[in-house]
Structures are given as structure tokens and as C-alpha cells.
Amino acid sequence: MKILAIETSCDETAVCILEAKGGVKKPVFKLLSNSLFSQAKLHEEFGGVYPNLARREHQKNLVPLFLKTLKKIEPNFSESKVLNIDSKKLKAKSKKLQALLEREPELLEQFEKNILYLPKPKIDKIAVTVGPGLEPALWVGISFAKALSALWDIPVVPVNHMKGHFLAPLAEGEKIEFPALGLLISGGHTELVVAKDPTSYKIVGKTVDDACGEAYDKVARILGLPYPGGPEVAKIASQARSQKLKTESSYILPRPMINTKDLNFSFSGLKTAVLYMVQKIPHLDLEIKKEIAKEFEESVKDVLVKKTEKALRTYKVKTLVVGGGVSANTYIKKHLEILAKKEKVKILVSSKSLATDNAVMIAVAGFFAKEKPISKIKAEGNLSL
Ligand code: KG4
Ligand code: ZN
């Protein structure tokens, strides 16, 4: 089965085609074509993702990205090929598409110009992210998926973005042994989840305020580093570690909620502590920034490791899956690997390109998800697992 996946929940426009063989018990995935366009540079001046800009950019980039992705698996598939559809049929189709793409005028224009006359490609289902995420951004991908479905009669499966982060390692040939614990650390979420199988999840802990990646991004801003801040903070923190800069006592930060009995997190106070610390420093030079970044990362690592340890001891699981953008962090990953070894569980962390947002993880989650009539599919910004 060939799955086309579309991801537009935040500031990455992503499309892929993934082949899935075997049943839901033992699927084998093969990535046939994969494209991604990151808008991060455009959002930099806002210091975060600006929803309407994200929406406009998705509208602009989705059709070219889709055509590029498709061409890779069907090289003879020509953009200029005109089908012999009778004009009456075409008119009816066109009307339907206009209704489906009503809220995305730029996408409609590109769709009519570049896709309407194409032959049906060999795709068996369309997986699209429906949440959680920014609703104006999500709608672009959803409307596009619906339009493709209406044009070519291909079923659509709505996908939860966080399930995608959890299931991403499957795309790289890994096997998740269930029950599994997921530590999902992204720009919008920080969750500990217990999964019985690829479709049933229970959230056992989550952040009470900011997400882990959000804290990285905010600390980067406070330190005057570019957006997205996670990799930037990680970079200078790692420089501090390799220079063996000592953490001076004035650069000690709190470990919020590390000793609470529950499995919840809090990162907002940590960010504020960095802000107050920085406000007291008259000349914030790079060496001081490195030390602060290092101490911040140490705090995040300590809390994530401690809460994951607690969760592993509470829930007997076979696998620990770490997913979401922050799982691309080498230092945090290393310490979670040490923990998994100590607790004798298998650990899976995707490679960097599958840790941050992408369409491949949406295709994998789409393989396990159920089809829905397109009239029932909508964006759900706060969709939970
Ligand atoms: O999963 P993701 O790509 O998007 C969301 O679903 O939110 O995660 C993005 C987040 C951003 O906050 C980014 O700063 C953070 O992941 N991130 C990192 C690293 N790479 C990305 N944080 C820490 N260290 C990294 N190497
Ligand atoms: Zn994500």
C-alpha cells in the first residue's frame, strides 16, 4: 500500500510517499519519496511561529512540494498531461474543489492550474495531520488532502501529530515492543504516555505550563540567539561542556517539579529564572551565555531523566520511545540512553530528520489510523492523544 502523507501543523510544510507492506502486526515500511520546506527563517523576526504567515506559506508551497514528491515515484507523470475528462464532469469536479478549497484561495488557484488535469497517481490512502497544532496551518493540509481525495477518489485518514512523533522510529526499521512508554518532547508538547499498541495511548504526565522545546526557544531569545532556539542553545551548551567551563554558583538554575510525586513537568519557571539571571548581568558575553545554556540544559535533562525514571518504575514497559524535536538533542538523548540501560528497557530515538516535524511519521501513524469521510475531517488545534 502506498500512503501519501501531508503535514502542515506548524512551520514545516512536508509531504511524503511511504510504502507499507505486511499487516498492522508486522508492517515493513519503505520511504519512496520525501520533501520538506522549513519556514523557520521567515518566522525568526517574530521569535516564534506566526500562525497566519505559516498558513500563507503552506498555501504557497504545498502544491510544488506535492508535485516534486510525486514525480520521484512516477517519473512519467507529467505536469502537462491533460486527461480526456468531458467538460461536464470537469465542471462538476471543479465546483466541488472550489467548495473544499474555499478558505485557501492561493491553494485553489495552484490546484486548478497544476493538479486538476493530472492522471490519478498510484496512491492508496492520504494521511493528513489534523492536530494538535495551529488551526490556520492545519487547515491548509486538510483542505488539500480533501481536494485530492475528491479529485481522485482516494480515502483520507486523519492523523494525530503526537502519534506520529511516537511511531516515527518504525519508519527506520525499528520495532516497538508494547507496552511502551513515550516521552514526547516537542515545541508544543511535553508528555509521558503509555501505549498498549500503536493506536491506544494514555497520558500519564505532562507539562503544566510551557513545553520543553518552547522553553529552549524562549531561553534562546533571552540569550539573543536565533529562532528556532533549541539547536542554538544546545550548540553553545555543548561548547561549554567541551571547554569544561565551570558552573559558577551564580549560574545555578532550579529543577522545577523534579521531586513531585506525579509525572508532570513545568518549564515556565525555569525560563523566568534564566530571564532574571540575565537581567542581573551587566555584560552578557558569549562565555556567560554558554554557561547559562549549559546549566539550563542540565536542568532540563535532570528533570526529564528523573520523571522518565519514575514513569518506568511505575509502568512496566518493554520499550521507551523518545520523540519530538527535543529528542534531536544529543546530550538529552545520551542521558536517556543511560537511564534505559540502567532500567533494562529498550530505547528508541529517531534520527534527527525524523525527530523534528516531518511527513514520514504522519504516514506511519496513518497506516494504523482509520479512514473518515472527508465531510467529518476538521482541524483540532488541541487534539489530545
Ligand atoms: O517536534 P517539533 O519539530 O515541532 C513541534 O511539534 O513542536 O519540535 C520543535 C522543537 C522546537 O522548540 C526546537 O527548538 C526544538 O524542538 N529542538 C531542539 C533541538 N532541535 C529542535 N531542542 C533542543 N535541542 C535540539 N537539538
Ligand atoms: Zn512536532
Side-chain angles (χ1 to χ4, degrees), residues 5-14 36-41 43-44 46-49 51 54 129-134 137-138 141 159-169 182-191 193 206-207 210-223 225-241 265 267-268 270-271 293-294 296-301 303-304 321-336 349-362 364-365 381-385:
I6 300 161
E7 156 66 40
T8 63
S9 68
C10 194
D11 59 350
E12 325 277 358
T13 319
L36 182 138
F37 177 79
S38 174
Q39 308 169 3
K41 280 274 156 279
H43 293 279
E44 194 169 340
F46 303 101
V49 183
T129 307
V130 293
L134 305 166
L138 286 163
V159 173
N160 182 313
H161 181 88
M162 300 312 286
K163 287 188 188 173
H165 276 307
F166 179 86
L167 296 167
L183 171 66
L184 305 179
I185 37 183
S186 70
H189 293 80
T190 300
E191 289 168 345
V193 299
K206 61 179 180 183
T207 181
D210 290 354
C212 183
E214 187 180 355
Y216 262 95
D217 295 335
K218 286 179 175 169
V219 164
R221 203 165 152 83
I222 295 167
L223 296 179
L225 302 171
Y227 173 87
E232 301 293 329
V233 172
K235 192 167 97 191
I236 64 166
S238 136
Q239 287 168 357
R241 279 191 298 271
F265 303 88
F267 292 104
S268 160
L270 178 59
K271 162 215 70 193
K294 175 184 148 213
F296 166 75
E297 191 156 274
E298 197 64 26
S299 166
V300 173
K301 179 270 286 176
V303 176
L304 291 177
V321 183
V322 190
V326 185
S327 73
N329 184 293
T330 331
Y331 188 67
I332 290 173
K333 186 176 150 186
K334 184 178 98 187
H335 283 275
L336 288 166
V349 191
S350 297
S351 59
K352 267 188 189 171
S353 62
L354 290 191
T356 50
D357 287 352
N358 63 85
V360 185
M361 65 182 202
I362 303 305
V364 174
N382 295 318
L383 184 65
S384 176
L385 267 170

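Order of appearance sets the numbers: ligands from 1, and atoms from 1 within every ligand.
In this structure, the protein non-hydrogen atom closest to atom 3 (O) of ligand 1 is Asp357 N, 2.9 Å. When only non-hydrogen protein atoms are considered, atom 24 (N) of ligand 1 lies nearest to Asn329 ND2, 3.0 Å. Among protein heavy atoms, the minimum distance from atom 22 (N) of ligand 1 is reached at Gly230 CA, 3.4 Å.
Judged by distance alone, with hydrogens and angles left aside, the side-chain atoms of Ser268 form no donor-acceptor pair with the main-chain N or O of Asp210 at under 3.5 Å.
By the side chain to side chain donor-acceptor pair (under 3.5 Å) test, Thr129 is found to be paired with Glu7, residues two or more places apart in sequence or in another chain being considered. Residues satisfying the side chain to side chain donor-acceptor pair (under 3.5 Å) criterion with Asn160, sequence neighbours excluded, are absent altogether. Partners of Glu12 under the side chain to side chain donor-acceptor pair (under 3.5 Å) rule, at least two apart in sequence or in another chain, are Ser38.
Taking every heavy atom of His165 and a limit of under 4.0 angstrom, the matching atoms of ligand 1 come to 1 (O), 6 (O). In summary, the atoms of ligand 1 found under 4.0 Å from a heavy atom of Asp217, numbered by their order in the structure, are 11 (C), 12 (O), 13 (C), 14 (O). Each of the atoms 6 (O) of ligand 1 lies under 4.0 Å from some heavy atom of His161. Close approach of ligand 1 to Ser186 (heavy-atom distance below 4.0 Å) involves ligand atoms 1 (O), 5 (C), 6 (O), 7 (O), 8 (O). Each of the atoms 12 (O) of ligand 1 lies under 4.0 Å from some heavy atom of Gly213. Shown in contact with Gly188 at under 4.0 Å from a heavy atom are these atoms of ligand 1, numbered in order with element: 7 (O).
Checked against a 3.5 angstrom limit, the closest N/O atoms of Thr356 and ligand 1 fall outside it. Every N/O-N/O distance between Gly324 and ligand 1 stays at or above 3.5 Å. Checking only distances, Gly325 does come within under 3.5 Å of ligand 1, N or O to N or O. Residue Tyr216 has no nitrogen or oxygen atom sitting less than 3.5 Å from a nitrogen or oxygen atom of ligand 1, judged on distance alone. For the pair Gly187 and ligand 1, the shortest N or O to N or O distance falls below 3.5 Å.
Between Cys10 and ligand 1 there is no heavy-atom distance shorter than 4.0 Å.
Here the straight-line distance linking atom OH of Tyr331 with atom CD of Glu298 works out to 3.5 Å at 0.5 Å rounding. Atoms OG and CG, on Ser353 and Asn358 in that order, are 7.0 Å from each other to the nearest 0.5 Å.
Taking the six-membered ring where the residue is Trp, His161 and His165 present perpendicular rings, their angle passing 60° and hence far from 30°.
A salt bridge is defined here as a Lys NZ or Arg NE, NH1 or NH2 lying under 4.0 Å from an Asp or Glu carboxylate O, and Lys294 with Glu297 fails to meet this definition.
Residues Phe296 and Tyr216 place their aromatic rings such that the two centres sit under 6.0 Å apart.
Counting only protein atoms, the N, O or S atoms lying less than 2.8 Å from the Zn ion (ligand 2) are His161 NE2, His165 NE2, Asp357 OD1, ordered by chain and residue number.
Lys333 places none of its side-chain heavy atoms less than 4.5 Å from the side chain of Val322. Side-chain contact between Val130 and Val159: absent, with no pair of heavy atoms (C-beta onward) separated by less than 4.5 Å. Side-chain contact between Met162 and Leu184 is present, with at least one heavy-atom pair separated by less than 4.5 Å.
Closest approach of Leu304 and Leu336 over heavy atoms only: O-CD2, 4.5 Å.
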